[in-house]
Structure formats: structure tokens, C-alpha cells
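Contents: one structure, followed by commentary.
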Amino acid sequence: MALQWMILTYIVAVESAIFFLISLPSPKLLKSRLISLVSLILQPLMFVVPFAGFQLLDIYWKSEHRLICSSEICTAAERDRNEKSVYKAQRNVILCASACLLYWCIYRACKYYKDLQNLEEVEKRYKQL
């Protein structure tokens, strides 16, 4: 189970680096090549959305079926273990949400830049007429 969270952590790190790179101001030629490269990567990167959704369902299932120590004979270790699992679940929900949000931000930034390029081309054509 820890391998899945490690993979998702690396994906979020890569997505944040990609978003940082495409949001930096850069020369037009470099920016267009970078956007085209990222656009090619976007479709295979789409697997992160169902993967994060599955992980969220797993977290929900585990939180619904978690053994809660509600009796008076609970030890401190049992309470600590319960709190630790709740904190891990909260961290993992934030990780899943950030993976989906970063994917969406990258997609929208690429789409915005491509639309901007298309509008510039249309403007050039109208100026030539």
C-alpha cells in the first residue's frame, strides 16, 4: 500500500514541476515547444485522475470500517495508532486532491496557451487582408 502513495507523491511532484515550468515567463519559441511537449504528455498522465479516485475510495472504505476504541480499557498505544491512521488518511486525501487539481491546472494552462496562439494566427491573417 505504501508503494501506491509513494507513486502518487512522485506524480504530484512531477506535476508541480511541470506547472511551474509552463507558468514561468519565457521566450515565445521556447514556450511553444514546452507547451507542445507537455500537451503530448497530458493524455498518458490522465491515468492519475482515476488512480487518485480509487485511492480516495480506498480511504473512505477504510475510514468507514476502522475499529474505533470507544471503551474505557483503551490503552495509550491504541489511541495513538488510531490518531496516526486518521492523520495519514487526511494527508493522503490532500495528496489525491492535489494530484487531480494540478492535472487540471496543467491542462487548462496548455489549452489557454493554444487558444492564445490560434487567436494570434487569426489576427495575423486579418491584418494581411
Side-chain angles (χ1 to χ4, degrees):
M1 196 63 176
L3 180 62
Q4 294 170 343
W5 296 114
M6 191 173 70
I7 290 170
L8 198 59
T9 303
Y10 288 144
I11 290 172
V12 168
V14 167
E15 283 180 337
S16 61
I18 289 171
F19 185 66
F20 180 73
L21 283 175
I22 65 173
S23 62
L24 282 176
S26 58
K28 194 171 186 173
L29 181 63
L30 180 65
K31 184 82 157 186
S32 64
R33 299 232 175 153
L34 185 63
I35 292 293
S36 64
L37 177 67
V38 171
S39 295
L40 290 174
I41 297 172
L42 273 177
Q43 191 167 4
L45 193 62
M46 178 63 180
F47 85 93
V48 75
V49 175
F51 184 70
F54 176 75
Q55 296 302 322
L56 285 172
L57 285 175
D58 186 45
I59 291 170
Y60 175 73
W61 176 263
K62 286 180 180 176
S63 70
E64 287 294 317
H65 295 89
R66 181 178 295 132
L67 294 175
I68 298 175
C69 186
S70 59
S71 65
E72 298 159 355
I73 57 171
C74 290
T75 64
E78 290 172 338
R79 278 189 295 256
D80 288 343
R81 187 176 341 114
N82 188 21
E83 287 180 13
K84 186 178 178 182
S85 68
V86 168
Y87 291 143
K88 277 185 177 180
Q90 290 171 350
R91 178 199 63 199
N92 292 339
V93 166
I94 291 171
L95 191 64
C96 290
S98 62
C100 293
L101 182 67
L102 278 170
Y103 179 82
W104 181 78
C105 288
I106 292 169
Y107 172 77
R108 292 304 300 172
C110 288
K111 186 171 180 355
Y112 173 74
Y113 189 77
K114 284 182 177 181
D115 290 344
L116 193 61
Q117 282 182 331
N118 289 340
L119 287 173
E120 287 174 354
E121 290 174 9
V122 168
E123 182 184 16
K124 283 180 185 177
R125 277 188 258 142
Y126 281 135
K127 283 185 178 180
Q128 290 175 354
L129 292 176

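Just so it is clear, the structure is predicted and the values come from calculations on it, not from any experiment.
Using a 30° and 60° split on the angle between ring planes, Tyr107 and Tyr103 fall in the parallel class, below 30°.
Contact of the Ser26 side chain with the Leu34 side chain is not registered, since no non-hydrogen atoms from C-beta on lie closer than 4.5 Å. Taking the side chain as every heavy atom from C-beta outward, Lys28 and Glu120 approach each other to under 4.5 Å.
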Working for side-chain contact (heavy atoms from CB on, under 4.5 Å), residues Glu15 and Val48: CA-CA 10 Å; Glu15 283 180 337; Val48 75; 3.6 Å; yes

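Both Val14 and Phe19 belong to a common hydrophobic cluster when Ile, Leu, Val, Met, Phe, Trp and Tyr are linked at side-chain heavy-atom distances under 4.5 angstrom. Grouping the Ile, Leu, Val, Met, Phe, Trp and Tyr side chains by contacts below 4.5 angstrom, directly or via other members, places Leu8 with Met6. Cluster annotation: Phe54 and Leu102 are assigned to distinct hydrophobic clusters (Ile/Leu/Val/Met/Phe/Trp/Tyr, side-chain heavy-atom contacts under 4.5 Å, transitive). When the side chains of ILVMFWY residues are joined at heavy-atom separations under 4.5 Å, either directly or via intervening members, Val12 and Val49 end up in a single hydrophobic cluster. Hydrophobic clustering (side-chain heavy atoms under 4.5 Å, transitive across Ile, Leu, Val, Met, Phe, Trp, Tyr) groups Val38 together with Tyr10.
Of the inter-residue distances, the one linking Lys114 atom NZ with Ser36 atom OG reads 7.5 Å to the nearest 0.5 angstrom. Once rounded to the nearest 0.5 Å, the distance linking CZ of Arg33 with CD1 of Ile35 reads 13.5 Å. In this structure, Thr9 OG1 and Arg91 CZ are separated by 7.0 Å, a value rounded to the nearest 0.5 Å. Atom CD of Gln90 and atom CD1 of Ile59 lie 10.0 Å apart (nearest 0.5 Å). Trp61 contributes atom CH2, which lies 16.0 Å from atom CG of Leu56 (distance to the nearest 0.5 angstrom). If you take CH2 on Trp5 and SG on Cys96, they are separated by 4.0 Å, rounding to the nearest 0.5 Å.
For the side-chain contact (heavy atoms from CB on, under 4.5 Å) with Arg81, the qualifying choice from Lys84, Arg79, Glu78 is Glu78, the only one to do so. For the side-chain contact (heavy atoms from CB on, under 4.5 Å) with Ile106, the lone residue among Ile41, Leu101, Ile18 that qualifies is Ile18.
The two atoms that bring Ser32 and Gln117 nearest to each other are CB-NE2, 3.2 Å, heavy atoms only.
Other residues, nucleotides and ligands contribute at most 12 non-hydrogen atoms within 6.0 Å of the OH atom of Tyr112.
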